[in-house]
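Here the structure is laid out as structure tokens; the discussion comes afterwards.
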Amino acid sequence: MTTIDIPAGSLFGVDNLPYGVFSVGGGSPRVGVRVGDSVLDLAAALGDEVFAASSLNPFMAQGYDRWVAVRERIRELVSGEVPDGAVHPVGRVTLHLPIEVADYVDFYASEHHASNVGRLFRPDAEPLLPNWKHLPVGYHGRSGTVLVSGTDIVRPSGQRKTPADAAPVFGPSTRLDIEAELGFVVGAGTPLNTPITPDDFPRHVFGAVLLNDWSARDIQAWEYVPLGPHLGKSFATSISPWVVPILALEAARIPLPGQSNPLPLPYLRESKPWGLDIDLVVEWNGDEVSRPPFREMYWSPAQMLAHMTINGASSRTGDLYGSGTISGPEKHQRGAFLELSWGGKEPLTVKGEERTFLLDGDEVVITGSAPGAGGERIGFGEVRGRVLPATQD
Ligand code: CA
């Protein structure tokens, strides 16, 4: 038997305990929990075959009461002794996509982001469209291209046409961007015609990840009218490998910035809001360029789930939904380079060079942390991606 050392100030203490899928050497992927700088093999530690799976889905499907019970059991284990073979240094494991993604939806819940994009894409109109404060606007994305952190991103090619061009041209995107978001993972789904109320959010959503919604702005600007984003975003969406349980985020729960004018319709009202005080940091080639604050989001993740199911649509274990780009009111809180460079007109300085959108070889790392139950902060780890040259001219 052995004990797990948790370094002082670790973002992965006993109040966090995020789940992931890992392998060691040539072994098969299995479910683990991050504790300090170690990964605890749950199948080995708990003797439960549900954790020998290559995704969190079988465990998540067991439902809320099991999530609570297993978390309690892990907290007991890591404060005592665990079997020798069940602990691995995090630096020696390979981390995999933690969930088998069912459906993927992306929202647009930051008023600051939606207003900035409105001004950039529709300069002669009101920045927010009339529906925006009445419902969490979203679109269905491509679940098959959700990738784990560290996966390289090949620059997409596609059609683009600026208003000055007579006809569209085809080629590699020249305005490749990021969107710093949180992703929410549905653990326990619902059958058809069973809407989820906002207050039932923690019984259905298992956890949260960092999410980078890679976006080709030139492809998006030409294709998005009237049905929304398509190929400008479907080529890649990266997520962090550790799923932070909603049970760990209770201490980060805060009110929303304000929904009084207009008041949301009754199906979107929360008896206690699920605003979350989560801080993100965006690094571009190692330089910090932004600190997006999730606390500024207009719509909560509980309202997003309620909206997604109010029409009778079912939900499934492994459904993933993104919050939309997280942007605050200040310039250094904007979660996309489109906004940080104001459409490319106000370049940023990255490693001493003036930059607007991503160049081949660039790397973006998004990290995040939140207050934990015991007063220490808890971490989300990181979502990292590097841009490779286009494969189609
Ligand atoms: Ca997005």
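Numbers for residues simply follow the sequence, beginning at 1. Both counts, for ligands and for their atoms, begin at 1 and track the order of listing.
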Exercise. Which class fits the ring pair Tyr19 and Phe59: parallel under 30°, tilted 30 to 60°, perpendicular over 60°?
Worked result: tilted
Exercise. Any idea how His113 and Tyr108 line up, ring-wise: parallel (<30°), tilted (30 to 60°), or perpendicular (>60°)?
Worked result: perpendicular
For this session: Please find the N/O/S atom of Asp106 nearest to the Ca ion (ligand 1) and write down its name.
Result: OD2
For this session: Write the atom name of the N, O or S atom in Asp213 that is nearest the Ca ion (ligand 1).
Result: OD2
Exercise. Vertex the Ca ion (ligand 1): angle to OE2 of Glu181 and OE1 of Glu179, to 10°?
Worked result: 90°
Exercise. Ring centroid separation for Trp67 and Phe206, is it under 6.0 angstrom?
Worked result: yes
Exercise. So does Arg119 pair up with Glu339, basic N to acidic O under 4.0 Å?
Worked result: no
